[in-house]
Amino acid sequence: MKNETRRLRTVKTTHIMITVENDQSPIRASRLEFSSFPTFPSLSDKVIPSQFPAMAEASRIFHSTLFPTLSLQLSKPCYNSHVYPSLSLKKAPRPVQCSVSTSETKSTSSNATQEVPWGCDIDSLENAEALQKWLSNSGLPPQKMAIDKVAVGERGLVALKNIRKGEKLLFVPPSLFITADSEWSSPEAGQVLKQYSVPDWPLLATYLISEASAQKSSRWCNYISALPRQPYSLLYWTRAELDRYLEASQIRQRAIERVTDVIGTYNDLRLRIFSKYPDIFPEEVFNMETFRWSFGILFSRLVRLPSMDGKVALVPWADMLNHSCEVETFLDYDKSSQGVVFTTDRAYQPGEQVFISYGKKSNGELLLSYGFVPKEGANPSDSVELPLSLKKSDKCYKEKLETLRKHGLSTSQCYPIQITGWPLELMAYAYLAVSPPSMSKQFDEIAAAASNKSTIKKDLRYPDIEEKALQFILDSCESSISKYSKFLQASGSMDLDVTSPKQLNRRVFLKQLAVDLCTSEQRILFRAQYILRRRLRDMRSGELRALRIFDGLRNIFK
């Protein structure tokens, strides 16, 4: 299976914390910048840009309408985060809850998910011809690409003719977009959700289910029939599978949070809307499994179109394009042709698969939303989150904790490390963690630099404690490496007791994804470990040489 090819996805997930916001608060969205990496002396001359292609920026807008207000207070380990406005339902001013009871969580997370009664297999071409015919009849112009099988378990768009570099393709008209303004086959359902001012994401998730259940009476019948019954996503891993295969990776916690938020959002809709209108929203149609499916579709296929003022939409046909780490082209609305297009950044021969980029995402983020891991070393944007924590034995623990909280941080933080380096914020956090009481006046400055809320990035330097700070990072790095090593060593003997062929095939597939992810993340940590050890060795050998020179001079003067 080609790891670098999967279908169109643009959503980036986050770590979150629920806060209370007034029901009438305006929608706001902000993004924690993936800060430029310092030119670390022993690491790399490369500087990682902080801006993603426009397509990748969809993440911060997508999440702006999904869940209740989620604060930027990162009291759970996290670095890449977004602010989620409240799911403001006008008739219920209380804050929306994104939590579920223990019994609900267990029943949902411990059992394998069920397939919905619509859609098709992930690699099926059975509905492709009907989809293409419907699209053509609905205004899609003649295409230079067609849907075809491109690998085991894969569908994609392949070139029918020679395609030049720099050529615009697709031209999907707005009449084929699914947006929050799309017409409902069940007008009553749409009116109720509008009445409660349900934001775009929950509204679109409900819309998909409503249209899917309408079957042939929905204008989107051919499109929905071509969607996968079970989208690739960590939403479809059980809690036991997440714990078993992703224990070493920080992406496990992010997956748990995502599942919890989807469950909480569904429960909130069910209690506050669906239960009041059972004839319009029957539970046999609008239930947890169908919402898991619809959110899976949104996470993997919804795109933000910058040239349409950030409108989010499902774009049939365009969402059949797969991702490659080797291309940088992305989707957007072209005002001159009045359609969604992308511009190729390479030439394609007939029969070759055509790719776009889903954005500069780590392997963990790609697995989280899209269910695949690129082959090792293929993703230049790959990163691993390194957890750092203050020690409670620190004499200044309380003072440092208060300072961190002041800047929206906590005693436990995760920062991304790439093969080329790490962000300035990570080094600042390390400085704070090892700083002595004599530096208490600098605590606020250091904590501010450890947070990315400031628009000005400070490359702080404290030579007196730099060695301790680097050792602190190295210790955290080696602790994480040991967790990966433990899992990878044990993975070979996992699941040998499984006798059901279907269950075994699933576990083998999930385990391989986990092994691929952990191998790529451990590789980055090994690189960081090597650089840190070398840097510390150089510092300590330099100090030793200086001490010897000083002793020699002292002996001369004696």
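We number each residue from 1, following the sequence as shown. All figures in this text were calculated on a predicted structure; none of them were measured in a lab.
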Report the distance from atom [atom1] of [X] to atom [atom2] of [Y], rounding to the nearest 0.5 Å.
X      : Y      : atom1 : atom2 : value
Ser182 : Tyr207 : OG    : OH    : 4.5 Å
Lys194 : Leu203 : NZ    : CG    : 5.5 Å
Leu125 : Leu131 : CG    : CG    : 11.0 Å
Ile297 : Leu227 : CD1   : CG    : 4.5 Å

> Does any non-hydrogen side-chain atom of Leu169 lie less than 4.5 Å from one of Val341?
Replying inline: no
> Do the side chains of Phe342 and Val354 get nearer than 4.5 Å, heavy atoms only?
Replying inline: yes
Assess the side chains of [X] and [Y]: does a donor N or O sit below 3.5 Å from an acceptor N or O?
X      : Y      : value
Arg346 : Thr329 : no
Ser520 : Asn363 : yes
Ser185 : Glu211 : yes

> Is atom CD of Glu183 surrounded by more than 12 heavy atoms (other residues, nucleotides or ligands) closer than 6.0 Å?
Replying inline: no
>> Within a 6.0 Å radius of atom CD on Glu283, are there more than 12 heavy atoms belonging to other residues, nucleotides or ligands?
In response: no
Keeping the roles fixed (side chain from [X], backbone from [Y]), state whether a donor-acceptor pair exists under 3.5 Å.
X      : Y      : value
Ser381 : Ser362 : no
Ser138 : Trp134 : yes
Thr344 : Gly166 : yes
Arg239 : Ile256 : no
Trp293 : Trp118 : no
Asp382 : Asn379 : no
Ser249 : Leu246 : no
Ser225 : Cys221 : yes
Arg292 : Leu235 : yes
Arg301 : Asp319 : yes

> So which of Glu521, Arg523, Gln522 actually passes side-chain hydrogen bond (donor to acceptor under 3.5 Å, both in side chains) with Tyr484?
Replying inline: Glu521
> Just one of Arg507, Arg252, Arg506 clears the side-chain hydrogen bond (donor to acceptor under 3.5 Å, both in side chains) bar with Glu241, so which one?
Replying inline: Arg506
> If you look at every heavy atom in Trp317 and Leu157, which pair is closest and at what distance?
Replying inline: O-CD1, 3.6 Å
Between [X] and [Y], what is the ring plane arrangement, given parallel below 30°, perpendicular above 60°, and tilted in between?
X      : Y      : answer
Phe281 : Tyr277 : perpendicular
Tyr333 : Phe177 : perpendicular
Trp237 : Tyr245 : perpendicular
Phe291 : Phe274 : tilted

Carboxylate-amine/guanidinium proximity below 4.0 Å for [X] and [Y]:
X      : Y      : answer
Lys360 : Glu328 : no
Asp121 : Arg229 : yes
Asp334 : Lys168 : yes

> Quick one: are the ring centres of Phe299 and Trp201 less than 6.0 Å apart?
Replying inline: yes
> Can a cation-pi geometry be assigned to Arg244 and Phe487, taking NZ or CZ under 6.0 Å from the six-membered ring centre and within 45° of the ring axis?
Replying inline: no
